[in-house]
Student: 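Following this message is one structure expressed as structure tokens.
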Amino acid sequence: MQNVKIFGFGLVKNGVRFDYPFMESLRSLAPLVEKIYFNVGDCEDETLEKITELNRELDGKIIILEKAWPKREHGHVLSEMTNYSLDELRKQEPGDNAWAIYLQSDEVLFEREYDQIKSDIEKANEQGNDAVRFRYLHFWQ
């Protein structure tokens, strides 16, 4: 098996104010990855402080990206900011065996699935694939 490196990336803005479970999301991703590149945006609440505190708890595993989000009524702001996080990850972690997992701030991974996720990524890497799609459950209300 090739030695793959798995990284995480994501984003949030005003996660506390809008009651996103971003802390749970980051905690669920942390054991599976080497680092998490996370764009916190220009928050107007305690989101940055909470992520900074969690980063200390995780021994610096979160690379906090503080990029101001564009202010406009229409557009693709989430896509732009997601791509920014991914671009920063790619700059810092180049290589054919580097993989990235994207979680939105309202998504979590189930710890019982970590080994399967790693195995699927390693298999995809060996086969020359550049992406893996996982089934997921979506809960609402």
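We use all heavy atoms of the structure for the numbers below, so side chains are in, but hydrogens, waters and symmetry mates are not. Just so you know, these numbers come straight off a predicted model, no measurement behind them.
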Student: Which distance, rounded to the nearest 0.5 Å, do you find between the CD1 of Ile121 and the CD of Glu126?
Tutor: 12.5 Å
Student: Can you tell me how far apart CG (Leu89) and CH2 (Trp99) are? Round to the nearest 0.5 Å.
Tutor: 13.5 Å
Student: Out of curiosity, Lys118 NZ to Gln116 CD, how far, rounded to the nearest 0.5 Å?
Tutor: 12.5 Å
Student: Judged by atom type as modelled, is there a donor-acceptor pair below 3.5 Å linking the side chain of Ser119 to the main-chain atoms of Asp115?
Tutor: no
Student: Among residues two or more places apart or on two chains, list those pairs meeting side-chain hydrogen bond (donor to acceptor under 3.5 Å, both in side chains) that have a residue in residues 5-23.
Tutor: Lys13-Asp42, Arg17-Glu44
Student: Would you indicate whether the side-chain heavy atoms of Glu24 and Arg27 approach each other to under 4.5 Å?
Tutor: no
Student: For Phe110, what residues pass the ring-ring contact (aromatic ring centres under 6.0 Å, His included) criterion, not counting sequence neighbours?
Tutor: none
Student: Specify the closest pair of heavy atoms between Thr47 and Val16, including all atoms of both residues, with the distance to one decimal.
Tutor: OG1-N, 3.1 Å
Student: Starting at CG of Asp120, measure out to CG of Asn129 and round the result to the nearest 0.5 Å.
Tutor: 11.0 Å
Student: Considering only distance and modelled atom types, tabulate donor-acceptor pairs under 3.5 Å from the side chains of residues 32-39, sequence neighbours left out.
Tutor:
unit_1, atom_1, unit_2, atom_2, d
Lys35, NZ, Glu93, OE2, 3.3
Tyr37, OH, Glu93, OE2, 2.6
Asn39, OD1, Gly41, N, 2.9

Student: Are the side chain of Thr82 and the backbone N or O of Leu11 linked by a donor-acceptor pair below 3.5 Å?
Tutor: no
Student: Under 4.5 Å between side-chain heavy atoms, counting indirect links through other Ile/Leu/Val/Met/Phe/Trp/Tyr residues: same cluster for Tyr114 and Tyr136 or not?
Tutor: no
Student: Identify the heavy atoms of Asp45 and Gly15 that sit nearest to each other, and give their distance.
Tutor: OD2-N, 3.6 Å
Student: Between Glu88 and Lys91, does the salt bridge (Lys or Arg N to Asp or Glu O under 4.0 Å) criterion hold? Intermediate values first, please.
Tutor: CA-CA 5 Å; Glu88 289 301 308; Lys91 285 181 203 172; 3.0 Å; yes
Student: Heavy-atom distance under 4.5 Å between the side chains of Met81 and Val77, does that happen here?
Tutor: yes
Student: Take a 6.0 Å sphere around NZ of Lys50 and say whether it holds more than 12 heavy atoms from other residues, nucleotides or ligands.
Tutor: no
Student: Check whether Val108 and Met23 end up in the same hydrophobic cluster, where Ile, Leu, Val, Met, Phe, Trp and Tyr are linked by side-chain heavy atoms less than 4.5 Å apart.
Tutor: no
Student: With rounding to the nearest 0.5 Å, note down the distance linking CD in Glu66 to CD1 in Ile51.
Tutor: 9.5 Å
Student: For residues Asn97 and Asn125, is any side-chain donor paired with an opposing acceptor at under 3.5 Å?
Tutor: yes
Student: Could you measure the distance from the CG atom of Leu103 to the CG atom of Leu26? Nearest 0.5 Å is fine.
Tutor: 8.5 Å
Student: Kindly give the heavy-atom pair with the smallest separation between Ser85 and Gly10, and that separation in Å.
Tutor: OG-O, 3.1 Å
Student: Using every non-hydrogen atom in the two residues, find where Glu107 and Ser25 come nearest and quote the distance to one decimal.
Tutor: O-OG, 2.7 Å
Student: I need the minimum non-hydrogen distance between Gly8 and Leu29, along with the two atoms involved.
Tutor: CA-CD2, 3.8 Å
Student: Using side-chain heavy atoms (C-beta onward) and a distance below 4.5 Å, is Leu78 in contact with Trp69?
Tutor: yes
